[in-house]
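Indexing begins at 1, ligand by ligand and atom by atom, following the structure's order. For this chain, numbers begin at 1 and follow the sequence in order.
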Amino acid sequence: MTSEHLNHGSMNLDSVAVHGGREDLQALGVHALPLDLSTTYPLPDIEHGGDSYESMALGGHPLPEGGSVYARLWNPTVARFESGLAQLEKAEAAVAFASGMAAMTAAILASKDKLKATANPATRPHVVAVRPLYGGTDHLLASGLLGVDATFCGEHEVAGAVREETVLIVLETPGNPTLDLVDISNVVAQAGDVPVLVDNTFATPVLQNPISLGAAMSLHSATKYIGGHGDAVGGVIACSEETAESLRRVRAITGATLHPHGAYLLHRGLATLPVRVRAQQESAVRVADWLERQPGVEKVHYPGSDGDPRGLLQHQMRGTGAMVSIGLTGGFAAAQRLTSAVRIFTHAVSLGGVDSLIQHPAALTHRPVAAEARPLPNLVRLSIGLECVEDLINDLAQALAPVSSSREEMAPGSETADPVRMAASDSTVR
Ligand SMILES: *Cc1c(COP(=O)(O)O)cnc(C)c1O
């Protein structure tokens, strides 16, 4: 479903979040989102069914006379979620996938097809990737698994890294896990005619709309803030209708479809997304501020904590978000103590849910990243949830408190030990 023919142009974000993608419910005579679990659909006749099949296999929509045919090609519950997300991202269309990584894979595969006719056919398609990135994305690109080569670089090195056969530029802002901000417009300017994909998982459409800044695709791991309750895995890409066609074609062929039950939960999550993000952000600002004053904390990574010298919080974002990372003075041992001492925070990967999570990126989410780009062993990432902020700060205070001398004595030299780096030296990344 595209958002072009919808008349939500005058609505504000909070209203679009509640109503987007639900335009056909009144005509259907229902109030809640209908959950269609059909794997197949009755065909009117061979000819019309076949024409609709062909339309969808090429990335188009089902034809009204032919129907949805088969659930790998189209599902109305998924299409409603896509429409709601597209409207929030101020994009023409959106395409949903089984996970954030399935979405990233489809974006890379769809871009491969765009290799310029002038490019040397003997060379592989090439992607430029601005680090830091989510560990899974870094791993996917570094592995070469999809038949594309990747150059990793910093924001200011993009123009120099683009080649004749470059088909895509990937960036993340705020970046996972250091919350570094990348100037989207700056990368778009360096990209020339190469499409730029922004992983918008951390900012959400509430705080940032990459399409409005010239990006071709805004990708979400919908597993995180979009769903917001830690009970649905999914991915989605907002883009133009033309790009959506190429993504739907890859989805139809490879089968990385989002299950309608997941789409139902993710769409339901959209309604509260602005309220959740704002409330979680309000607490994150206070947690980050409190952490700045703790002796056990060497550095707080939070958008704006460096004074925002380029004004990106003014020009690019509408807020600082609810993810905070900290570098601990006590090194890896302190990270180990903190993650096992928290009581309200859950020691778990993932982020963006109503409950607060804490995890160690170097050991977990960013384990597959090449050693030179892997997060430091003293870095811990917090996802601030909807609990009372005083309770969260009290929990961190008790977990950060110096350990008793008896425990200190039990682990001599543990401040410098770095088992993660040792274990990951034989990681699978080539
Ligand atoms: C989790 C995450 C992904 C991957 O999404 P999945 O839904 O886990 O496949 C991609 N990018 C970012 C920034 C993430 O946090």
| note | heavy-atom search around atom 4 (C) of ligand 1 in the protein gives Y134 CE2, 3.4 Å
| Can you tell me how far the CZ atom of F97 sits from the NE2 atom of H220, to the nearest 0.5 Å? | 13.0 Å
| field | T223: numbered ligand 1 atoms lying under 4.0 Å from its heavy atoms | value | 7 (O)
| remark: Of M323, K224, M101, H220, the one whose closest heavy atom lies nearest atom 1 (C) of ligand 1 is K224
| query | Taking distance alone, with no angle check, do G100 and ligand 1 share an N/O pair under 3.5 Å? | reply | yes
| said: Please state which option from P177, S221, A98 has its nearest heavy atom closest to atom 8 (O) of ligand 1. | reply: S221
| message | So, 4.0 Å and heavy atoms of G352: is ligand 1 close enough to count as a contact? | response | no
| task | Measure the spacing between NE2 of H19 and CE of M11 and express it to the nearest 0.5 Å. | result | 5.5 Å
| said: Using a 4.0 Å heavy-atom cut-off, which part of M104 comes near ligand 1: side chain, backbone, both, or neither? | reply: neither
| said: Below 4.0 Å from ligand 1: does a non-hydrogen atom of L351 turn up there or not? | reply: yes
| Residues, nucleotides or ligands: over 12 heavy atoms within 6.0 Å of Y70 OH | no
| said: Main chain of G20, side chain of H267: is a donor-acceptor contact present, judged purely on distance under 3.5 Å? | reply: yes
| said: Minimum heavy-atom separation for S383 and G352, please, with both atom names. | reply: OG-N, 2.9 Å
| N/O donor-acceptor pair under 3.5 Å between R72 side chain and G255 backbone | no
| request: Answer yes or no: does an N/O atom from D199 fall short of 3.5 Å to an N/O atom of ligand 1? | output: yes
| task | Using a strict 4.0 Å cut-off to heavy atoms of G234, name the atoms of ligand 1 that fall inside it. | result | 7 (O)
| task | Determine yes or no for a side-chain-to-main-chain donor-acceptor pair under 3.5 angstrom, with R22 supplying the side chain and H31 the backbone. | result | no
